[in-house]
Amino acid sequence: MIKVELGNTGIEKEQIMEYKDTIDKIHNDLHSRAEDESDFVGWLNLPTNYDRIEFSKIKKAAQKIQKESDILIVIGIGGSYLGARAVIEALTSSFSSIQSDEKRKYPQIVYAGNNLSPNYISELMEAIEGRDFSINVISKSGTTTEPAIAFRIFREILENKYGIDEARSRIYVTTDKEKGALRVLSDMEGYERFVVPDNVGGRYSVLTAVGLLPIAVAGIDIDKLMEGARIAQEKYNDSNLKYNECYQYAVSRNILYSQKDKGIELLVNYEPKMHYFTEWWKQLFGESEGKEEKGIFPAGVDYTTDLHSMGQYVQQGVRTLMETVINIKEPKFNININSDDDNLDGLNYLVGKSLDYVNKKAMEGTLEAHVTGDVPNTIITMDKLDEENIGQLIYFFELACAISGNILGVNPFNQPGVEEYKRNMFKLLEKPGY
């Protein structure tokens, strides 16, 4: 379960309710478009309206990969990998890379096609030597530069290692259902193929095969993940701003932006396993809202770690910051602090207290300091870090982002600005047609 607390934002309920008619209109508009295959609002009903046949195929493919591979290379960039990585790193061991194969139980998930670094690619090539691996390449077009290059490289390695026929059985393609280079190639080679729905954009696609296949390979229960998203869909399917905490969050961040000059939102966590969830969130909001010289700049911090690097700026720097804090009520594990006879570190005053208790007090102390220092804080509390709660949180932020972008007056489902650097790069690379 997720709960939103706005008491430390400095915003009164009456200010939020001024947006009641606006929210009602946006809500009705989004839901009227949710089944339109030519629009990008398909994620809205996805938790209850997903392809059950493909969902079953995902599970079977995941079991096959688990059986025959030590490593799954997920090739994709942006929304094609960030959502999966966010869920996998939140719900698996932080140290799976140094666990034995027996201890880990499931294939190690590694990522390629998200950069153009020859060092990164070379080190990954070295790391998979002598290991059984499969590839999941994710791209709607199949021609996005970074994943296309990575796929060419690792496909060749796979074919040299296993031969053409077995390599074909170890390549899983997630792409457009009808067109594009990857679709054509998968038809030619007989690769198992999964679909990127036409009406779900990349940064909203984690609950499709884009995210679900690698998540399932990592041993995470995708049924529970979808159930969490379904709970959120039901909970936030209410146009009444008075009762919808998701919409209240979207409104409050826009009030802070437009009326209080808070142009930067920091997503804060006190759990390192949530680091890549923040990376996914940054793309979701940055690519959705940063248009027409508008938009709240999304950034992230990992506390308490970043309190020792960014804390000074947050406390006393330029007053353009607001924070949204992810609070996990119950940790999966806990550790009590024991007594030490010498007490040279001066920590005996904490004897008998748990590490989570100390972490929570650090959060409370930081929140009080930052609010006093004119950094408004929203708190989003989730009961625990598991599939259902992560599924709820994903849907919460996707919906909040769509609502917030519409309040801002931009289209939260396109990204025209990202094409400019590509045109320049292709021209410099002397690509035909540029």
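Positions are given from 1, in the same order as the sequence printed here.
Heavy-atom contacts from other residues, nucleotides or ligands closer than 6.0 Å to OH of Tyr106 number 12 or fewer. In this structure, Arg52 places its CZ atom where more than 12 heavy-atom neighbours from other residues, nucleotides or ligands lie under 6.0 Å away. For Glu126, the CD atom sits in a loose shell: 12 or fewer heavy atoms of surrounding residues, nucleotides or ligands are nearer than 6.0 Å. The number of heavy-atom neighbours closer than 6.0 Å to NZ of Lys427, taken from other residues, nucleotides and ligands shown, is 12 or below. Around the CZ atom of Phe426, the shell of radius 6.0 Å holds more than 12 heavy atoms that belong to other residues, nucleotides or ligands. Heavy atoms from other residues, nucleotides or ligands lying under 6.0 Å from CD1 of Ile53 number 12 at most. Other residues, nucleotides and ligands place no more than 12 heavy atoms under 6.0 Å from the CD atom of Glu368.
Taking the charged nitrogens against the carboxylate oxygens, Glu234 and Arg230 do have a contact shorter than 4.0 Å, which makes a salt bridge. Ion pairing of Arg319 with Asp374 is absent here, as no side-chain N (NZ or NE/NH1/NH2) approaches a carboxylate O to less than 4.0 Å. Checked for salt-bridge contact, Lys25 and Asp21 miss the test: no charged N lies under 4.0 Å from a carboxylate O.
At distances below 3.5 Å, not a single donor-acceptor pair connects side-chain atoms of Glu271 with backbone N or O atoms of Ile328. Under a 3.5 Å cut-off, the side chain of Thr175 and the backbone N or O of Ser139 do form a donor-acceptor pair. In terms of modelled atom types and a separation under 3.5 Å, the side chain of Glu37 and the main chain of Asn199 share no donor-acceptor contact. Counting only distance, with no hydrogens or angles, the side chain of Glu292 and the backbone of Val410 share no donor-acceptor pair below 3.5 Å. In this structure, the side chain of Ser354 engages the main chain of Tyr357 through a donor-acceptor pair within 3.5 Å. Judged by distance alone, with hydrogens and angles left aside, the side-chain atoms of Asp238 form a donor-acceptor pair with the main-chain N or O of Asn240 at under 3.5 Å. Within the 3.5 Å criterion, the main-chain N or O of Gln392 finds no donor-acceptor partner in the side chain of Lys235. A donor-acceptor contact shorter than 3.5 Å is absent between the side chain of Glu398 and the backbone of Leu284. For the pair Lys273 (side chain) and Leu385 (backbone), a donor-acceptor distance under 3.5 Å is absent. Glu279 contributes no side-chain N or O that, together with a main-chain N or O of Leu82, makes up a donor-acceptor pair within less than 3.5 Å.
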I'd like a table of donor-acceptor pairs (distance under 3.5 Å, sequence neighbours excluded) in which one partner is a side-chain atom from residues 109-117, with atom names and distances.
unit_1, atom_1, unit_2, atom_2, d
Asn114, ND2, Tyr81, OH, 3.4
Asn115, OD1, Ser117, N, 3.0
Ser117, OG, Asn119, N, 3.3
Ser117, OG, Tyr120, N, 3.1

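Atom OG of Ser288 and atom CD1 of Ile296 lie 12.0 Å apart (nearest 0.5 Å). Distance CG/Leu44 to CG/Leu30: 6.5 Å, rounded to 0.5 Å. The line from NE2 of His275 to OG1 of Thr278 is 7.0 Å long, rounded to the nearest 0.5 Å. The CD1 atom of Ile26 sits 5.5 Å away from the CD1 atom of Ile403 when rounded to the nearest 0.5 Å. One distance of note links NZ of Lys64 with OH of Tyr172; it measures 3.0 Å at 0.5 Å rounding. Summarising the geometry, atom CD1 belonging to Ile326 is positioned 11.0 Å from atom CE belonging to Met363; distances are rounded to the nearest 0.5 Å.
Residues Ile390 and Met274 form a side-chain contact, since some pair of their non-hydrogen atoms from C-beta on lies under 4.5 Å apart. Here the side chains of Phe154 and Met125 are in contact, with some heavy-atom distance below 4.5 Å. Leu182 is listed as a side-chain neighbour of Phe151, based on a closest heavy-atom distance under 4.5 Å. Residues Cys401 and Tyr204 meet the side-chain proximity criterion, which asks for heavy atoms closer than 4.5 Å. A heavy-atom distance below 4.5 Å is not found between the side chains of Leu212 and Phe194.
With sequence neighbours excluded, no residue forms a ring pair (Phe, Tyr, Trp, His ring centres under 6.0 Å) with Tyr257. Lys20 meets the salt bridge (charged side-chain N to carboxylate O under 4.0 Å, His left out) test with no other residue; sequence neighbours excluded. Residues satisfying the side-chain contact (heavy atoms from CB on, under 4.5 Å) test with Asp383, not counting sequence neighbours, are Met1, Lys329, Asn389. Partners of Lys140 under the salt bridge (charged side-chain N to carboxylate O under 4.0 Å, His left out) rule, at least two apart in sequence or in another chain, are Asp176, Asp198. For Glu287, the salt bridge (charged side-chain N to carboxylate O under 4.0 Å, His left out) criterion is met by Arg203, not counting sequence neighbours. Contacts of Glu35 classified as side-chain hydrogen bond (donor to acceptor under 3.5 Å, both in side chains), with partners at least two apart in sequence or in another chain: Asn45, Asn49. For Tyr236, the ring pair (Phe, Tyr, Trp, His ring centres under 6.0 Å) partners at least two apart in sequence or on another chain are Phe396. Residues passing the ring pair (Phe, Tyr, Trp, His ring centres under 6.0 Å) test with Phe285 are Trp281, sequence neighbours excluded. With sequence neighbours left out, Tyr270 forms a ring pair (Phe, Tyr, Trp, His ring centres under 6.0 Å) with Tyr303.
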For a side chain to side chain donor-acceptor pair (under 3.5 Å) check, start with the C-alpha distance between Asn254 and Ser404, then their side-chain angles and the critical distance, and finish with the verdict. CA-CA 7 Å; Asn254 275 276; Ser404 182; 2.8 Å; yes
Any chance you could lay out the side chain to side chain contact (heavy atoms under 4.5 Å, CB included) test for Asn338 and Asp340, step after step, and finish with the verdict? CA-CA 7 Å; Asn338 296 324; Asp340 181 88; over 6 Å; no
Starting from the C-alpha separation in whole Å, work towards a yes-or-no answer on side chain to side chain donor-acceptor pair (under 3.5 Å) for Asn136 and Thr174. CA-CA 7 Å; Asn136 177 205; Thr174 308; 3.3 Å; yes
Please determine whether side chain to side chain donor-acceptor pair (under 3.5 Å) holds for the pair Asn269 and Asp302, giving the CA-CA distance in whole Å, both sets of side-chain angles, and the decisive distance to 0.1 Å. CA-CA 5 Å; Asn269 73 77; Asp302 301 328; 2.8 Å; yes
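For the residue pair Arg253 and Thr378, no side-chain donor N or O sits within less than 3.5 Å of a side-chain acceptor on the partner. A side-chain donor from one of Gln316 and Gln312 sits under 3.5 Å from a side-chain acceptor of the other.
Residue pairs meeting the ring pair (Phe, Tyr, Trp, His ring centres under 6.0 Å) criterion with at least one member in residues 2-36, sequence neighbours excluded: His27-His31, His27-Tyr247. Applying the side chain to side chain donor-acceptor pair (under 3.5 Å) rule to pairs touching residues 209-226 yields Lys59-Asp223, sequence neighbours excluded.
When every heavy atom of Ser69 is checked against every heavy atom of Pro107, the shortest pair comes out as O-CG, 3.4 Å. Across all non-hydrogen atoms, the minimal contact from Val200 to Gly42 is CG2-C, 3.8 Å.
Under the 6.0 Å distance and 45° angle rule, Arg423 does not count as a cation-pi partner of Tyr421.
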